[in-house]
Amino acid sequence: MPSSSSSFFFLRSANLRLRGGRYTPFMAILLVLMLTFFIGICEGHLRIGFYAETCPDAESIVRTVVQDAILSDSNIAAILLRLHFHDCFVEGCDGSILIENGPNAERHAFGHQGVGGFEVIEKAKAELETVCGGVVSCADIAALAARDAIALANGPAFQVPTGRRDGRVSNISLAADMPDVSDTIQQLKAKFLRKGLTEKDLVLLSGAHTVGSTACFFMMKRLYNFFPGGGSDPAINPSLLPELQARCPQGGDVNVRLSTDRGSEQTFDNHILQNIRDGFAVLESDASLNDDETTKSILDSYFDFLNPFFRPSFEADFVESFQKMGQIGVKTGFQGEIRHACAAFN
């Protein structure tokens with residue numbers, strides 16, 4: 001992509017030639033317009049239907065692969081949604097988490113523990129390469145797969161802009177600042193703010209936990225060592241605590257799974273927000289949303305019984321936050337690359 005200094009050089013060169021009488025003013029204006037257009041192409045941008053001409057079946061191919069995967073394992077919907085989130089929070093939405101280039105690859109970071117769905121993205125990529133090789137980025141596949149996963153979990157169907165390119169960097173150290181289930185609400189708000197996301201985005205994107213499950217590994221501190229001397233998180237509803245401890249006993253199998261949205265694990269809806277308000281949040285980070293004045297007021301706004309016809313739509317607001325997240329640090333135009341395989345740089 002031409003820099004501002006190179007653009008200045010071209011314009012200055014054109015101006016010198018005009019002084020010599022070689023070009024007319026009309027030609028100079030035309031040159032400026034062409035240069036502006038060229039810079040715009042180089043910078044690139046995301047847009048709906050980016051592959052409409054270069055690979056018209058791209059989105060339908062991804063959707064079919066995701067649908068087949070969910071039919072085999074209903075938990076894949078949540079897994080793909082989480083994969084896109086984790087990708088966007090490190091180096092932007094550029095497919096960096098998909099790279100597998102040894103122990104120092106980003107995907108092996110502590111903050112990415114439990115992230116999966118790589119094989120689904122690779123399968124979609126392989127099918128796309130046979131139809132339109134070198135056209136569709138892995139970063140876009142991850143975004144489309146997450147979008148389709150939401151719809152297939154009975155959530156809203158919507159469009160996402162595409163045109164992302166794949167990054168050329170993958171390093172475990174870059175994922176050190178991932179949001180964590182044990183983060184305080186202040187830490188979570190700060191981490192989201194650094195990505196250009198608001199408190200409302202934090203609440204809504206946490207709402208993605210309406211589908212899927214977590215492992216006991218992420219629950220042990222909250223259940224048994226919440227305080228330095230031991231004990232459980234007092235924010236856990238007393239009727240929920242024995243249930244969680246029975247599923248995740250001390251000294252038990254930390255790989256046992258439990259729903260992150262008690263009572264509505266397979267359906268994308270606002271039930272998770274009600275659980276958080278009632279003390280039935282499974283994850284500590286979700287529960288913390290009810291402890292902060294700002295995030296609590298956002299939670300409550302979706303259950304305003306005084307104005308039921310005017311309260312905001314969780315689904316519509318989630319889509320807005322999801323699309324906003326999907327544009328964090330994107331690479332477009334001549335930045336990055338279009339990988340031939342998602343797990344390896346070209």
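For this chain, numbers begin at 1 and follow the sequence in order.
Ring geometry for Phe85 against Phe192 counts as tilted: the plane angle lies between 30° and 60°, on a 0 to 90° scale. Relative ring orientation between Phe322 and His84 is described as tilted, the plane-to-plane angle lying within the 30° to 60° band.
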- Determine, step by step, whether Asp201 and Thr198 satisfy the side-chain hydrogen bond (donor to acceptor under 3.5 Å, both in side chains) criterion, reporting the C-alpha distance in whole Å, the side-chain angles of both residues, the deciding distance to 0.1 Å, and the verdict. CA-CA 5 Å; Asp201 295 321; Thr198 65; 3.1 Å; yes
- side-chain hydrogen bond (donor to acceptor under 3.5 Å, both in side chains) between Asp261 and Thr210, worked out: CA-CA 5 Å; Asp261 185 11; Thr210 181; 3.1 Å; yes
- Query: Phe158 and Gln323: side-chain contact (heavy atoms from CB on, under 4.5 Å), yes or no, with the steps?
  - Reply: CA-CA 10 Å; Phe158 56 97; Gln323 292 176 326; 3.9 Å; yes
- Message: I'd like to know whether Tyr51 forms a side-chain hydrogen bond (donor to acceptor under 3.5 Å, both in side chains) with Asp57, so could you lay out the CA-CA distance, the side-chain angles of the two residues, the decisive distance to 0.1 Å, and finally the verdict.
- Response: CA-CA 8 Å; Tyr51 300 108; Asp57 294 327; over 6 Å; no
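Using a 4.0 Å cut-off between charged side-chain N and carboxylate O, Lys125 and Glu129 make a salt bridge. Salt bridge annotation for Arg277-Asp300: present, with a cationic side-chain nitrogen under 4.0 angstrom from a carboxylate oxygen. Checked for salt-bridge contact, Arg194 and Asp177 meet the test: a charged N lies under 4.0 Å from a carboxylate O. Salt bridge Glu337/Arg168: present, at least one basic N to carboxylate O contact under 4.0 Å.
Checking side-chain atoms of Lys191 against main-chain N and O of Met178 turns up a donor-acceptor pair under 3.5 Å. With hydrogens and angles disregarded, a donor-acceptor distance shorter than 3.5 Å links the side chain of His209 to the backbone of Ser206. Although no hydrogens or angles enter the test, the distance criterion places no donor-acceptor pair under 3.5 Å between the side chain of Asn104 and the main chain of Asn171. Asp183 places a side-chain N or O within donor-acceptor distance of the main-chain N or O of Asp180, the cut-off being under 3.5 Å. Remark: the backbone N or O of Ser264 is not paired with any side-chain donor or acceptor of Thr267 at under 3.5 angstrom. No donor-acceptor pair closer than 3.5 Å links the side chain of Ser96 to the backbone N or O of Gly92.
A cation-pi arrangement is found for Arg107 relative to Phe118, the charged atom lying closer than 6.0 Å to the ring centre and inside a 45° cone about the ring normal.
Residue Gln159 qualifies as open at atom CD: its count of foreign heavy atoms under 6.0 Å is 12 or below. Environment of CZ in Phe310: sparse, with no more than 12 heavy atoms of neighbouring residues, nucleotides or ligands closer than 6.0 Å.
For Gly155 against Phe268, the heavy-atom pair with the smallest separation is CA-CB, 3.7 Å.
A donor and an acceptor atom, one from each side chain of Glu199 and Thr294, are nowhere located under 3.5 Å apart.
Remark: of the listed residues Ile276, Asp278, Ile272, Asp278 is the sole one forming a side-chain contact (heavy atoms from CB on, under 4.5 Å) with Gln274. Leu273 pairs in a side-chain contact (heavy atoms from CB on, under 4.5 Å) with only one of the listed residues (Asn270, Asp269, Asn275), which is Asn270.
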